Novice: 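The structure's right below; bear with me while I get my questions together.
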2 protein chains.
Amino acid sequence: MTEASDRFTRLYSALRERICLLDAPPGTKLSEEALAAEFGTSRTPLRRVLARLEDEGLVESRHGVGTLVTDVDAEELRQVYALRLELTHLAGVLSPAPITDETRAQLEDFVQRADALAAAPTPRGFAQLNMDYHAFGLSLTGNVALREASERLYFRTARIWLQSIPRMDLASECAIFLDELHQTRTALAANDPQAAALIRRAHISMSMNRLYA
Amino acid sequence: MTEASDRFTRLYSALRERICLLDAPPGTKLSEEALAAEFGTSRTPLRRVLARLEDEGLVESRHGVGTLVTDVDAEELRQVYALRLELTHLAGVLSPAPITDETRAQLEDFVQRADALAAAPTPRGFAQLNMDYHAFGLSLTGNVALREASERLYFRTARIWLQSIPRMDLASECAIFLDELHQTRTALAANDPQAAALIRRAHISMSMNRLYA
DNA sequence: TGCTCAAATGCTGTGCACAAATTGGCCTGC
DNA sequence: GCAGGCCAATTTGTGCACAGCATTTGAGCA
């Protein structure tokens, strides 16, 4: 890993997280110069990062205007979720990674974090936990192409959830998430990655339905 | 569409086609300066294009060395194909676009082109036809996310076919492709997009198996 | 003749200055 | 008072020059 690609990854992750956790809600202007100053680089490397975010549909650059965080329209959301459902199912079928003790230990960490969160829930904390759990789910798939496609889709619409949480019941969402973890624990204990994938799929589906309510 | 994004699309399509049709086979050095001169721009806009190609895994930029067209290793090929199979199936299930007379007319065009090709087959001509037909297949899907993911995967490994054709029977490949078109015509005549997708999936699967032989 | 090392060459990465474009405010004229 | 146009400020897009890095090549030497 060179210094250049290292910095790229750092900037990219930071901006993506900023967008998906609504530190930069849709419509926010991401000034190249301001960000370059903040991260201690010049505009050039930063523009490389913004270009990738634009390819992924998270921002939109307009000449003479600025680089704006995009919004997610309803139809796009529907289509992305429909595809994510199927990809999640495929993760359990195509080439599941072997379930090891480390896998189960990681899940236990998530259970602990979810317990702690349920005691003092915050929207942002939940969104962060959910994002980390998504990354964990991807690590259970051996198919790199599937992993990349799923990741792309996830981040494309991840900010929707935090936008909708005011209309939802946070405590209830935490409880449901904890349920999912418990069910997944059972699946992992039985060495059944396909069952784990189906559980995840079911919860993504239900989550989408609650989103629309 | 601004002039800038127009040029970007033009450069991007040109380079991608150059890579996938083996005008620039794996290992080729794509010199930024040479390409900039050829397309009549400076290095800056061209680097934006190369950056995207790198994100998509078609080239790899190395500091002090050059920007090289990547090779496709066997495992990557296997994983991409495995996922493409499933996505093709999904194209017929998730949100198939309505089949119109124009759809059928387009297919007839492909039949004619395939007939002409079968009379005087060339590897490059076949690859080009196959690429166009892939784009046609995508147009039958209403799910934008699915379309983009499929396109990405297709171009990621498209160059493999032309690399392998010397070890295969070109005339036979043409005949098989013509068969697929005829079967698809039947499916479209019956207004059955799911059947069309299954046919496509079956042929992609068989194509992959012939590739490995 | 073969090996080593250093200089030169060619490439991508970066920073900076300028061009192009849009927006919003202000001013003028009616 | 209002409408319309013009101008200036702000922002992204582009071109260029230089820095940093890897490879190559050739001279010198054993």
Side-chain angles (χ1 to χ4, degrees), chain A residues 1-16 18-19 23-71 156 159, chain B residues 1-16 18-19 22-72 156 159:
Chain A
M1 176 77 68
T2 71
E3 179 195 337
S5 71
D6 197 21
R7 168 169 62 178
F8 174 84
T9 304
R10 193 163 44 83
L11 294 188
Y12 172 74
S13 300
L15 287 184
R16 189 179 63 178
R18 204 170 284 195
I19 292 170
D23 295 328
T28 305
K29 185 160 68 183
L30 298 179
S31 165
E32 298 183 351
E33 202 154 352
L35 289 175
E38 178 188 345
F39 289 105
T41 74
S42 79
R43 278 179 61 207
T44 309
L46 195 116
R47 281 177 59 76
R48 170 73 177 84
V49 174
L50 290 179
R52 173 146 171 191
L53 289 172
E54 184 169 20
D55 286 339
E56 292 174 344
L58 270 69
V59 305
E60 180 186 356
S61 282
R62 284 192 235 172
H63 192 179
V65 179
T67 301
L68 310 176
V69 177
T70 57
D71 210 339
R156 178 138 184 181
R159 55 199 184 282
Chain B
M1 176 78 68
T2 70
E3 179 195 336
S5 71
D6 197 21
R7 168 169 63 179
F8 174 84
T9 304
R10 193 164 44 83
L11 294 189
Y12 171 73
S13 300
L15 286 185
R16 190 179 62 179
R18 204 170 284 195
I19 293 170
L22 293 194
D23 294 330
T28 304
K29 187 160 64 183
L30 298 179
S31 165
E32 297 184 352
E33 201 154 352
L35 289 175
E38 176 187 346
F39 288 106
T41 74
S42 79
R43 279 179 58 206
T44 308
L46 195 115
R47 279 177 60 76
R48 171 74 177 84
V49 174
L50 290 179
R52 174 146 171 189
L53 289 173
E54 184 169 20
D55 286 339
E56 293 174 342
L58 270 67
V59 304
E60 180 186 357
S61 281
R62 281 193 236 172
H63 191 182
V65 179
T67 301
L68 310 176
V69 177
T70 57
D71 211 339
V72 182
R156 178 139 185 182
R159 55 198 183 283

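Worth saying up front: this structure is predicted, and the values here are computed from it rather than measured. Numbered from 1 within each chain, the chains take letters A, B, ... in sequence-line order. Values below: all heavy atoms of this structure, side chains included; hydrogens, waters and symmetry mates excluded.
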Novice: In whole angstrom, what separates B:Asp6's CG from D:dG13's P?
Specialist: 15 Å

Novice: Whole angstrom is fine here: how far is it from CD in B:Glu32 over to C1' in C:dT14?
Specialist: 12 Å

Novice: Say you draw a straight line from CG of B:Leu11 to CD of B:Glu38; how long is it, rounded to the nearest 0.5 Å?
Specialist: 9.5 Å

Novice: Side chain of A:Val65 only, heavy atoms from C-beta on: which candidate in C:dG15, C:dC11, C:dT22 is closest?
Specialist: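 The answer is C:dT22, which lies nearest to the side chain.
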
Novice: Both A:Gly64 and A:Thr41 contact DNA chain C. Which one's nearest nucleotide lies toward the 5' end?
Specialist: A:Thr41

Novice: Need one value for A:Arg47: base, sugar-phosphate or nothing, where a base atom within 4.0 Å counts as base even if backbone is also close, heavy atoms only.
Specialist: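 The residue A:Arg47 makes base contact.
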
Novice: Expressed in angstrom and rounded to an integer, what is the separation of B:Glu33 atom CD from C:dG13 atom P?
Specialist: 14 Å

Novice: When rounded to the nearest 0.5 angstrom, what distance separates CG in A:Leu68 from CG in A:Leu58?
Specialist: 13.0 Å

Novice: Can you tell which of B:Glu32, B:Glu33, B:Arg7 makes a side chain to side chain contact (heavy atoms under 4.5 Å, CB included) with B:Leu46?
Specialist: B:Glu32

Novice: Once you round it to whole Å, what is the distance between P of C:dG13 and CG of A:Leu11?
Specialist: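 Interatomic distance, CG of A:Leu11 to P of C:dG13: 15 Å.
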
Novice: Please work out if A:Leu30 contacts a base, only the sugar-phosphate, or nothing of the nucleic acid, heavy-atom cut-off 4.0 Å.
Specialist: sugar-phosphate

Novice: About how many Å separate CG of B:Leu15 and CZ of B:Arg10, when rounded to the nearest 0.5 Å?
Specialist: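 Spacing of CZ (B:Arg10) from CG (B:Leu15) equals 11.0 Å.
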
Novice: So, under a plain 3.5 Å distance rule, would you say the side chain of A:His63 forms a donor-acceptor pair with the base of D:dG13?
Specialist: no

Novice: Figure out the CG/P separation between A:Leu46 and C:dG15, and round it to whole Å.
Specialist: 11 Å

Novice: Please tell me if B:Ser42 has a side-chain N or O lying less than 4.0 Å from either OP1 or OP2 of D:dG15.
Specialist: yes

Novice: Between P on C:dT22 and NZ on A:Lys29, what's the gap in Å once rounded to a whole number?
Specialist: 15 Å

Novice: Rounded to the Å, how far apart are B:Phe8 CZ and D:dT14 P?
Specialist: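 Value for this atom pair: 11 Å.
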
Novice: Indicate whether OP1 or OP2 belonging to D:dT14 is found under 4.0 Å from a side-chain N or O atom of B:Arg48.
Specialist: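 Result: no.
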
Novice: Using a cut-off of strictly less than 4.0 Å, decide whether B:Thr44 has a side-chain nitrogen or oxygen near OP1 or OP2 of D:dG15.
Specialist: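 No, outside the criterion.
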
Novice: What is the separation between atom CZ on B:Arg7 and atom C1' on D:dG13, rounded to the nearest whole Å?
Specialist: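 It works out to 8 Å between those atoms.
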
Novice: Can you tell me if B:Thr70 uses its side chain to pair, donor with acceptor, with the backbone of B:Gly57 under 3.5 Å?
Specialist: yes

Novice: Where the side chain of B:Arg43 is concerned, which of C:dG13, D:dT14, D:dT11 is the nearest nucleotide?
Specialist: C:dG13

Novice: Starting at the 5' end of DNA chain D, which residue's closest nucleotide do you reach first, B:Arg62 or A:Gly66?
Specialist: A:Gly66

Novice: Name the closest nucleotide to the B:Ala4 side chain, picking from D:dG15, D:dG13, C:dC11.
Specialist: D:dG13

